[in-house]
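Here is the structure we will look at.
Small disclaimer: the values here were computed from a predicted structure and weren't measured. Chain letters run A, B, ... following the sequence lines, proteins first, then strands; residues in each count from 1.
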Protein chains: 2
Amino acid sequence: MMTFTQIRQLLTKKHLKVTPQRAMIVDFMMQTDCHPTAEEIYEAVKDAIPGLSKGTLYNVLKTLVDANILNTVALEPGTVRYDANVSNHHHFIDVTTGEVYDIPWDKVQNLFKVLGEDYNVANYQVNFYGVKAEPQKSAPKSKPS
Amino acid sequence: MMTFTQIRQLLTKKHLKVTPQRAMIVDFMMQTDCHPTAEEIYEAVKDAIPGLSKGTLYNVLKTLVDANILNTVALEPGTVRYDANVSNHHHFIDVTTGEVYDIPWDKVQNLFKVLGEDYNVANYQVNFYGVKAEPQKSAPKSKPS
DNA sequence: TTGTATGCAAACGGTTTGCAATGCG
DNA sequence: CGCATTGCAAACCGTTTGCATACAA
């Protein structure tokens, strides 16, 4: 959980002006573990940023991706999703709900060498598709329902 | 290399009417190792199918994907690419050229179980990013977009 | 104060839809 | 012959662009 002071420092460190629009969008993206589309981000932040325009949203997203504060990910053909986790990791897509879960990088064995000499692998990423098991009822949650 | 008789048989086996548009598009997709976008397919086949309309192209592509003759692949955010290789395989993307190479399924160890009980993995796919080694005697498998 | 970021609206590219005409089985 | 498929054009949706205004530094 990032404070607004930390968000301000993050933007400043990247030589970006701190605007309410940028700060609120970064704040939302840092708090969510989803991989939302631009439209989903707009729906999520529009109440907190009265009068936010779509043009500004796309402009901010482009700026944040260029600054490596966000990444775009290719999970479904034809869709752009945004991810505040810019470090190496994999994805699990629940095909029944469309939900996307981050999978820690070291869950998968090192694959840099499996293609042999012909391919100089600089990076790789695994997309898993399936159904997530229902959370166990016995597992206590921090939040009461 | 598929003959037109074989293409006709393939479509018929899937209970699809054989039209010149469908046959030509299947023929092109079976002959290419690329992973073309709809626009690239249109450019490639429009001379062989005079008067082909974009609407028909998208209609045919949707029909072929539904019939599991083609697959869509998510290689870049926001782009739909089509693949006549409908069996399990991975992809290597040359980041300098944008070329895409099919990687045989068994180059990567079985990953169905690595996520444990919580994730019921039905399928997975690895995207490798890097630079292909120089000696390219054979034609590249995909052109840059 | 200065230049960048914003809001708005129009434009844009890729895809879909509706409908009349064509043609496959 | 009958219904699925086609061509065409308009509509649609996500994204980009141009421009006047607002505002962070």
Side-chain angles (χ1 to χ4, degrees), chain A residues 4-5 7-28 35-67 69-70 72-82 98, chain B residues 4-5 7-26 35-67 69-70 72-82 145:
Chain A
F4 267 88
T5 301
I7 291 173
R8 171 176 290 272
Q9 288 171 349
L10 171 62
L11 291 168
T12 302
K13 190 171 64 181
K14 302 277 190 173
H15 310 104
L16 301 176
K17 284 189 182 180
V18 179
T19 69
Q21 292 82 355
R22 286 174 178 176
M24 292 301 296
I25 290 168
V26 170
D27 182 53
F28 167 72
H35 300 66
T37 62
E39 185 63 32
E40 289 165 352
I41 297 168
Y42 182 76
E43 286 304 313
V45 301
K46 70 175 182 193
D47 289 339
I49 313 175
L52 174 69
S53 82
K54 287 276 185 72
T56 297
L57 173 64
Y58 282 104
N59 180 19
V60 168
L61 290 173
K62 185 177 192 316
T63 300
L64 296 176
V65 168
D66 288 347
I69 294 170
L70 299 181
T72 56
V73 289
L75 296 175
E76 314 141 60
T79 304
V80 179
R81 293 186 171 276
Y82 295 87
Chain B
F4 266 89
T5 301
I7 290 173
R8 171 176 289 275
Q9 288 170 348
L10 171 63
L11 290 169
T12 303
K13 189 172 63 180
K14 302 277 188 172
H15 310 103
L16 300 177
K17 283 189 181 176
V18 179
T19 68
Q21 294 81 354
R22 285 174 179 176
M24 291 302 295
I25 290 168
V26 170
H35 300 67
T37 62
E39 184 63 32
E40 289 165 353
I41 297 168
Y42 182 77
E43 287 303 313
V45 300
K46 70 175 182 192
D47 289 339
I49 314 174
L52 173 68
S53 81
K54 287 276 186 74
T56 298
L57 173 63
Y58 282 104
N59 180 20
V60 168
L61 289 173
K62 186 177 192 315
T63 301
L64 297 176
V65 169
D66 288 347
I69 294 171
L70 299 181
T72 56
V73 289
L75 295 176
E76 315 141 59
T79 303
V80 180
R81 291 184 172 277
Y82 295 86
S145 52

Checklist entry - Given A:T72 and A:L61, is the side chain to side chain contact (heavy atoms under 4.5 Å, CB included) satisfied, shown in steps? => result CA-CA 10 Å; A:T72 56; A:L61 290 173; over 6 Å; no
Checklist entry - Step by step, would you call B:I49 with B:L57 a side chain to side chain contact (heavy atoms under 4.5 Å, CB included)? => result CA-CA 11 Å; B:I49 314 174; B:L57 173 63; over 6 Å; no
Item to check | Worked check of side chain to side chain contact (heavy atoms under 4.5 Å, CB included) between A:I69 and A:L11 | outcome: CA-CA 9 Å; A:I69 294 170; A:L11 291 168; 4.1 Å; yes
Item to check | Trace of the side chain to side chain contact (heavy atoms under 4.5 Å, CB included) decision for A:L16 with A:L10 | outcome: CA-CA 9 Å; A:L16 301 176; A:L10 171 62; over 6 Å; no
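Protein atom CE of A:M24 is 14 Å distant from nucleotide atom P of C:dT6, rounded to whole Å. As rounded to whole Å, 12 Å separates atom C1' of C:dT4 from atom CD of A:Q21. One can place OH of A:Y42 at 13 Å from C1' of D:dG14, the figure rounded to the nearest angstrom. Protein atom CZ of A:R81 is 12 Å distant from nucleotide atom P of D:dG14, rounded to whole Å. Whole-Å rounding puts the A:L57 CG to D:dT15 C1' distance at 10 Å. The distance from atom CG of B:L64 to atom P of D:dT5 is 11 Å, rounded to the nearest whole Å. Counting to the nearest Å, the C1' atom of D:dA25 and the CG atom of A:L11 are 14 Å from each other. Rounded to a whole Å, the CD atom of B:E40 is 16 Å from the P atom of C:dG13.
Judged by distance alone, with hydrogens and angles left aside, the side-chain atoms of B:E43 form no donor-acceptor pair with the main-chain N or O of B:E40 at under 3.5 Å. Of the possible polar contacts, none joining the B:T56 side chain to the B:L52 backbone as a donor-acceptor pair under 3.5 Å is found. Side-chain atoms of B:R22 come within 3.5 Å of backbone N or O of B:K17 as a donor-acceptor pair.
Summary of helix geometry: the two end axes of the helix from C:dT1-D:dA25 to C:dG25-D:dC1, each defined by five base pairs via their C1' atoms, are inclined to each other by 40° (rounded to 10°).
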Item to check | Where protein sits on nucleotides 14-25 of chain C, one letter per nucleotide: B base, S sugar-phosphate only, - none, heavy atoms under 4.0 Å | outcome: SSBB-----BBS
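Nearest heavy-atom pair, B:Y42 versus B:S53, reported as atom, atom and distance to 0.1 Å: CE1-C, 4.4 Å.
To the nearest 0.5 Å, the span separating CD1 on B:I41 from CZ on B:R81 amounts to 10.0 Å.
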